[in-house]
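Just so you know, residue 1 is the first one in the sequence shown, and it goes up from there.
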Amino acid sequence: MEVVVAKSAGFCFGVKRAVDQVYEQLKRNDKPIYTYGPIIHNEEVVKDLEEKGVKVIESEEELKQIHDAVVVIRSHGAGKRIYDIMEENGIEIIDATCPYVRKIHKIAQEQNKEGRRLIIIGNDSHPEVEGIKGWGNDNTLVVETPEQVETLPLTEGERLCIVSQTTFNYKKFQDLVEKISETRYDILVLNTICNATQERQVEAKRIASEVDAMIVIGGKSSSNTQKLYEICRRECKNTYYIQTLGDLDPDCVNSVRSVGITAGASTPNHIIEEVHTNVRVKF
């Protein structure tokens with residue numbers, strides 16, 4: 001059997017940087033260590049950190065109860081209010097926000113000052129988008145589908161700035177921008193999709209179109225992994241979404257001639273290697 005592993009599979013720069021910063025704090029800091037939200041969307045990594053004493057804060061209310069501690073901002077980032085609370089409580093802040101996400105925070109602030117309404121193309125409930133909204137203002141809008149574009153509460157002649165969730169599908173981003181542009185608004189479009197995300201999606205699509213079965217590895221709550229699965233599924237009907245090797249049904253791949261493997265940006269390399277080794281040896 002031929003097994004093709006995507007070169008872009010696994011931790012991206014921003015995710016690796018965030019995870020490394022938490023482990024570094026464990027080595028050098030005696031204070032209690034927390035992360036604001038799971039540091040990345042991978043249950044294996046989060047569980048390992050919890051076993052080492054790192055606790056996850058899920059809300060502002062929890063954050064307000066913490067003093068004399070270290071809080072690592074997750075790779076997805078957080079809104080300005082979260083930083084304000086931590087500074088008020090004297091919390092040591094370790095900002096592990098992905099640099100690409102941090103750039104969007106700055107854009108949100110700048111465009112607010114310029115008087116443009118911010119439109120974020122992405123999933124409204126995703127932590128990255130929640131964080132970006134927290135650097136905008138009350139007029140910030142989020143859209144994910146063409147139907148939502150049609151109901152945007154915009155006024156004639158309004159000045160807009162469009163940005164994207166870093167892991168959003170590039171083709172869908174283009175389509176939504178085109179639909180918004182059909183209106184007569186003054187629009188500034190900034191493609192803030194991460195380059196690594198685009199490369200990962202393009203490579204996954206190519207591999208999926210060339211193999212008999214495709215395996216996509218990543219956490220179920222990982223946005224970029226979900227999008228990889230959608231892209232691969234369109235190219236290869238035998239596409240399987242797993243978190244670890246234990247989720248893979250052997251019957252799915254034991255009768256095919258070629259298998260492709262890719263993984264989301266929050267998937268550790270050892271999980272990818274484990275799947276690759278077992279598929280290559282056993283099937």
Side-chain angles (χ1 to χ4, degrees), residues 6 8-15 18 37-38 40-42 74-79 97-108 111 116-136 140-152 160-182 187-206 208 216-235 239 241 262-267:
S8 59
F11 278 1
C12 66
F13 161 75
V15 166
I40 59 172
H41 277 157
N42 184 276
R74 59 191 169 191
S75 57
H76 297 106
T97 304
C98 170
Y100 290 104
V101 176
R102 189 65 182 142
K103 179 181 177 181
I104 306 175
H105 295 173
K106 293 179 180 178
I107 290 172
Q111 292 307 311
R116 289 184 182 271
R117 178 185 287 217
L118 188 71
I119 296 180
I120 307 167
I121 294 181
N123 182 334
D124 195 17
S125 62
H126 191 278
E128 180 190 317
V129 175
E130 291 175 354
I132 297 170
K133 286 191 295 183
W135 291 91
T140 299
L141 301 171
V142 180
V143 295
E144 188 175 12
T145 67
E147 292 74 23
Q148 290 174 337
V149 171
E150 294 174 0
T151 60
L152 287 175
L160 310 174
C161 174
I162 302 175
V163 297
S164 174
Q165 180 179 338
T166 57
T167 55
F168 202 75
N169 181 280
Y170 181 62
K171 178 63 167 60
K172 288 184 178 180
F173 173 76
Q174 288 181 308
D175 291 343
L176 289 171
V177 166
E178 184 176 343
K179 190 167 184 61
I180 297 173
S181 300
E182 292 173 358
I187 301 176
L188 172 65
V189 179
L190 300 173
N191 175 12
T192 53
I193 296 176
C194 172
N195 290 335
T197 296
Q198 293 185 41
E199 292 171 3
R200 193 186 306 264
Q201 292 176 355
V202 169
E203 185 181 27
K205 180 179 180 180
R206 177 184 59 78
V216 180
I217 312 169
K220 293 300 182 182
S221 57
S222 167
S223 173
N224 73 88
T225 308
Q226 290 169 3
K227 290 176 177 62
L228 283 176
Y229 173 74
E230 293 169 5
I231 290 169
C232 293
R233 188 72 178 80
R234 286 195 292 269
E235 301 297 323
T239 295
Y241 191 154
T262 189
S266 298
T267 305

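Salt bridge absent: Glu235 and Arg206 never bring a charged side-chain N and a carboxylate O closer than 4.0 Å.
Cys98 and Gly14 get closest at one heavy-atom pair: SG-CA, 4.2 Å. Shown here for Lys133 and Ile120, the closest heavy-atom pair between the two residues is CG-CD1, 3.7 Å. Closest approach of Gly218 and Thr267 over heavy atoms only: CA-OG1, 3.4 Å.
For His126, the ring-ring contact (aromatic ring centres under 6.0 Å, His included) test picks out His41, His76, with sequence neighbours left out. Contacts of Phe11 classified as ring-ring contact (aromatic ring centres under 6.0 Å, His included), with partners at least two apart in sequence or in another chain: none. Contacts of Glu178 classified as salt bridge (charged side-chain N to carboxylate O under 4.0 Å, His left out), with partners at least two apart in sequence or in another chain: none. Partners of Glu147 according to the salt bridge (charged side-chain N to carboxylate O under 4.0 Å, His left out) rule, which considers only residues two or more places apart in sequence or in another chain, do not exist here. The side-chain hydrogen bond (donor to acceptor under 3.5 Å, both in side chains) search around Asn191 returns none, not counting sequence neighbours. Applying the side-chain hydrogen bond (donor to acceptor under 3.5 Å, both in side chains) criterion to Thr151, with sequence neighbours excluded, gives no partner residue. Qualifying side-chain hydrogen bond (donor to acceptor under 3.5 Å, both in side chains) partners for Glu144, counting only residues two or more places apart in sequence or in other chains: none. Residues passing the ring-ring contact (aromatic ring centres under 6.0 Å, His included) test with Tyr100: none are found, sequence neighbours excluded. Under the salt bridge (charged side-chain N to carboxylate O under 4.0 Å, His left out) criterion, Lys171 pairs with Asp175, sequence neighbours left out. Applying the salt bridge (charged side-chain N to carboxylate O under 4.0 Å, His left out) test to Lys205 and every residue at least two apart in sequence or in another chain returns nothing.
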Exercise. For the pair Val189 and Phe173, evaluate side chain to side chain contact (heavy atoms under 4.5 Å, CB included) and give the outcome as yes or no after the intermediate values.
Key: CA-CA 11 Å; Val189 179; Phe173 173 76; 4.1 Å; yes
Practice problem: Could you please spell out the steps behind the side chain to side chain contact (heavy atoms under 4.5 Å, CB included) verdict for Glu203 and Thr262? | Solution: CA-CA 9 Å; Glu203 185 181 27; Thr262 189; 5.8 Å; no
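Residue pairs meeting the salt bridge (Lys or Arg N to Asp or Glu O under 4.0 Å) criterion with at least one partner in residues 223-233, sequence neighbours excluded, are Lys172-Glu230. Counting only residues at least two apart or in different chains, salt bridge (Lys or Arg N to Asp or Glu O under 4.0 Å) contacts with residues 192-202 are absent.
One finds the CG atom of Asn224 at 7.5 Å from the SG atom of Cys12 (value rounded to the nearest 0.5 Å). The structure places CD1 of Ile180 at 4.0 Å from CD1 of Ile162, a figure rounded to the nearest 0.5 Å. Asn169 contributes atom CG, which lies 4.5 Å from atom CD1 of Ile231 (distance to the nearest 0.5 angstrom). Distance CG/Leu160 to OG/Ser181: 9.5 Å, rounded to 0.5 Å. To the nearest 0.5 Å, atom CD1 of residue Ile104 and atom OG of residue Ser164 are 7.0 Å apart.
With contacts defined as side-chain heavy-atom distances shorter than 4.5 Å, the pair His105/Thr97 qualifies. The closest side-chain heavy-atom distance from Phe13 to Asn195 is not below 4.5 Å. You'll find the side chain of Lys103 stays beyond 4.5 Å of the side chain of Thr192, heavy atoms only. Proximity of Ile121 to Gln165: side-chain heavy atoms (C-beta onward) are nowhere separated by under 4.5 Å. Looking at Ile132 and Leu118, their side chains come closer than 4.5 Å, going by heavy atoms from C-beta outward. Contact check for Lys220 versus Tyr241: side-chain heavy atoms found under the 4.5 Å cut-off. At least one side-chain heavy atom of Cys161 sits less than 4.5 Å from a side-chain heavy atom of Ile107. Within the 4.5 Å cutoff, side-chain heavy atoms of Pro146 are placed close to those of Leu176.
At a cut-off of 3.5 Å, with distance as the only test, no side-chain donor of Thr167 or Glu128 sits close to an acceptor on the other residue.
When atom types are taken as modelled, the side chain of Asn42 and the backbone of Ser266 share a donor-acceptor pair closer than 3.5 angstrom.
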